[in-house]
Amino acid sequence: GETTNVIFELKKETVQQPETGSVLVNIVEKGADTPITAPITVTIKNTDTNAEQAYSVNTGSHIFSDLKPGTYEVSIPTTNEGYKELTEGANKKVVVVTAEIEENCKFELEKEQVQNPGTLVVTVKNGEEGKSGITVTITSQTSPSEKFERTTGNDGKATFENLLPGEYTVEISGIPN
């Protein structure tokens, strides 16, 4: 028996990793730079391929990573509970992703002023005695189409509930001579 030597030469194949980048999205309170911890859905869309990812952010920031280089549109809803509505376009930002670079994308939301409704009680008296059956009309100064009408009860009172804070004009009619 003759021996034949066979030599195998193995070459390590190098797999080219696609170079990717990332986008850091921050959602903060306007003027305070405080992260918003309410859940807000952030969407990122590759404008070339229309591939889209959405993520519910409740920590004020999220990193979209492993993004192929290209142009992306990052957006959040125009309405977010407890915050003023964003104007069309203010809820979108365009970022260009390049390999191995983290792009920053920041959205600022302004807290909505919560207006608690109040109650207005108008009392109509003749001397010490409350007058019943008197018509009381109030009109909002900020929104004149908002008119409310009540008739006084036996105690002379007309009660208006759930009124938004503001100034109102009070008119009284139906007073007997």
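Here the side chains of Glu149 and Thr135 are in contact, with some heavy-atom distance below 4.5 Å. At a threshold of 4.5 Å between non-hydrogen side-chain atoms, the residues Glu108 and Asp33 count as touching. Side-chain contact between Ile76 and Leu109 is present, with heavy atoms from C-beta onward closer than 4.5 Å.
In terms of modelled atom types and a separation under 3.5 Å, the side chain of Ser132 and the main chain of Thr152 share no donor-acceptor contact. Judged by distance alone, the side chain of Arg150 and the main-chain N or O of Val136 form no donor-acceptor pair under 3.5 Å.
Note: the hydrophobic cluster containing Val25 does not contain Ile101 (ILVMFWY, side chain heavy atoms under 4.5 Å, direct or indirect links). A chain of hydrophobic side-chain contacts below 4.5 Å, direct or via other Ile, Leu, Val, Met, Phe, Trp or Tyr residues, connects Ile175 to Val170. Residues Val28 and Val74 fall into different hydrophobic clusters, defined by Ile, Leu, Val, Met, Phe, Trp and Tyr side chains chained together at heavy-atom separations under 4.5 Å. Cluster membership check: Ile36 does not share its hydrophobic cluster with Leu24, using side-chain heavy-atom separations under 4.5 Å among Ile, Leu, Val, Met, Phe, Trp and Tyr.
Between Val97 and Leu67 the shortest heavy-atom distance is CG1-O, 4.0 Å. Residues Glu29 and Lys111 approach most closely at OE1-CE, 3.6 Å, considering heavy atoms. In terms of heavy atoms, Val95 sits closest to Asn104 at CG1-O, 4.4 Å. Summarising the geometry of Thr139 relative to Glu171, their closest heavy-atom pair is OG1-OE2, 4.2 Å, with the distance given to 0.1 Å. In plain terms, the two heavy atoms of Pro77 and Ile40 that are nearest each other are CD-CG2, 4.0 Å.
Residue Lys157 holds its NZ atom at 7.5 Å from NZ of Lys125, rounded to the nearest 0.5 Å. To the nearest 0.5 Å, the span separating CD1 on Ile138 from CD on Glu167 amounts to 12.5 Å. Here the straight-line distance linking atom OG of Ser75 with atom CG of Leu86 works out to 11.0 Å at 0.5 Å rounding. Taking CD of Glu73 as the start and NZ of Lys92 as the end, the distance is 5.0 Å to the nearest 0.5 Å. Atoms CD and OG1, on Glu85 and Thr79 in that order, are 5.5 Å from each other to the nearest 0.5 Å.
Heavy-atom contacts from other residues, nucleotides or ligands closer than 6.0 Å to CD of Glu129 number 12 or fewer.
For Asp155, the salt bridge (Lys or Arg N to Asp or Glu O under 4.0 Å) test picks out no residue, with sequence neighbours left out. Residues that satisfy the side-chain contact (heavy atoms from CB on, under 4.5 Å) test with Lys93, not counting sequence neighbours, are Cys105, Phe107.
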Would you mind writing out the side-chain donor-acceptor pairs for residues 52-65 within the sub-3.5 Å range, not counting sequence neighbours?
residue : atom : partner : partner atom : Å
Thr59   : OG1  : Ser61   : O            : 3.0

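Under the side-chain hydrogen bond (donor to acceptor under 3.5 Å, both in side chains) criterion, the residue pairs touching residues 38-50 are Asn46-Tyr72, with sequence neighbours excluded. Residue pairs meeting the ring-ring contact (aromatic ring centres under 6.0 Å, His included) criterion with at least one partner in residues 127-172, sequence neighbours excluded, are absent. For the ring-ring contact (aromatic ring centres under 6.0 Å, His included) condition, no pair includes a residue of residues 80-103, sequence neighbours left out.
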